Amino acid sequence: MKTKYWLIKSEPEVFSIEDLSKSKNKTTYWDGVRNYQARNYMRDEMKIGDKVIFYHSNTEPPAAVGICEVIKEAYPDFTAFEPNDPHFDPKSKKNSPTWFMVDIKLIYKFERFISLSEMKKNKKLQKMKLLQRGNRLSVIPITKVEFEEIVKLGR
DNA sequence: GCCAACGTTGGC
DNA sequence: GCCAACGTTGGC
């Protein structure tokens with residue numbers, strides 16, 4: 001199975017890479033994806049061993065902050081079933097869930113965060129969907145070249 | 001099936 | 001805090 005590469009967004013106020021670093025086994029379930037396209041990527045294409053850039057959105061500055069690995073493939077996002085959860089979705093049923101999550105484990109946090117503006121200036125990263133206008137997806141496929149370029153900058 | 005209204009995302 | 005760009009909802 002060929003390794004795929006992804007970029008996932010999180011608002012650090014909600015869940016930051018420091019939070020992940022402090023989590024048990026540096027592992028978390030990636031809950032709360034409520035967009036069909038992002039869900040399809042997670043549910044249908046994310047496989048164990050895939051590599052993931054962790055990105056901080058809606059903060060100053062927005063930046064790539066570390067790398068993770070997929071350690072569990074898609075299973076139902078149980079937060080959609082819990083009425084008190086901010087991600088509750090009454091349309092998602094336990095016997096036919098709408099929403100899915102994967103588990104990711106931190107590989108390491110970057111020594112140097114790579115800001116969005118730095119990525120915009122980088123020739124090798126120009127085609128990333130992250131940089132395209134109006135992009136709002138929280139799970140974005142990237143290429144191996146893009147992944148390795150960001151890792152090189154952030155190491 | 002169209003599309004206006006509304007809600008959310010996320011850079012700035 | 002603003003607002004452009006989207007996605008979703010629901011009346012018709």
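Lettering follows sequence order; numbering is per chain, from 1. Just so we're clear, the structure is a prediction, and the values are computed from it rather than from any experiment.
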Length of the [atom1]-[atom2] vector between [X] and [N], whole Å:
{"X": "Arg136(A)", "N": "dC12(B)", "atom1": "CZ", "atom2": "C1'", "result": "16 Å"}
{"X": "Gln37(A)", "N": "dT9(B)", "atom1": "CD", "atom2": "P", "result": "15 Å"}
{"X": "Leu137(A)", "N": "dT8(C)", "atom1": "CG", "atom2": "P", "result": "10 Å"}
{"X": "Lys129(A)", "N": "dG10(B)", "atom1": "NZ", "atom2": "C1'", "result": "19 Å"}
{"X": "Asp89(A)", "N": "dT8(B)", "atom1": "CG", "atom2": "P", "result": "13 Å"}
{"X": "Glu13(A)", "N": "dG11(B)", "atom1": "CD", "atom2": "P", "result": "14 Å"}
{"X": "Ile140(A)", "N": "dT9(B)", "atom1": "CD1", "atom2": "P", "result": "14 Å"}
{"X": "Asn35(A)", "N": "dT8(C)", "atom1": "CG", "atom2": "P", "result": "6 Å"}

Cationic N near anionic O, under 4.0 Å, Lys105(A) to Glu69(A): no
Glu149(A) with Lys152(A): basic N within carboxylate O range, under 4.0 Å: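 Yes, this pair counts.
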Position toward the 5' end of DNA chain C (nearest nucleotide), Asn58(A) or Gly134(A): Asn58(A)
DNA chain C: 5'-proximal contact among Arg133(A) and Tyr36(A) (nearest heavy atom):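 It is Arg133(A) whose nearest nucleotide is closer to the 5' end.
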With the side chain of [X] defined as its heavy atoms from C-beta on, choose the nearest nucleotide among [options].
{"X": "Lys120(A)", "options": "dC6(C), dG11(B), dG7(C)", "answer": "dG11(B)"}
{"X": "Lys91(A)", "options": "dT8(C), dT9(C), dC6(C)", "answer": "dT9(C)"}
{"X": "Leu116(A)", "options": "dG7(C), dG11(B), dG10(B)", "answer": "dG11(B)"}
{"X": "Pro62(A)", "options": "dG10(B), dG7(C), dG11(B)", "answer": "dG11(B)"}

Phosphate OP1/OP2 of dG10(B) contacted by Lys9(A) side-chain N/O (<4.0 Å): yes
Tyr55(A) side chain near dT9(B) phosphate (N/O to OP1/OP2, under 4.0 Å): no
The single option from Tyr36(A), Phe78(A), Phe88(A) passing ring pair (Phe, Tyr, Trp, His ring centres under 6.0 Å) against Trp99(A): Tyr36(A)
Stepwise side chain to side chain donor-acceptor pair (under 3.5 Å) check, Asp77(A) with Tyr29(A): CA-CA 9 Å; Asp77(A) 182 342; Tyr29(A) 50 84; over 6 Å; no
Centroid-centroid distance, Phe54(A) to Trp30(A), less than 6.0 Å: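 Between Phe54(A) and Trp30(A), the centre distance is under 6.0 Å.
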Quiz item: Arg34(A) side-chain donor-acceptor pair to dT8(B) base, under 3.5 Å: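 There is none.
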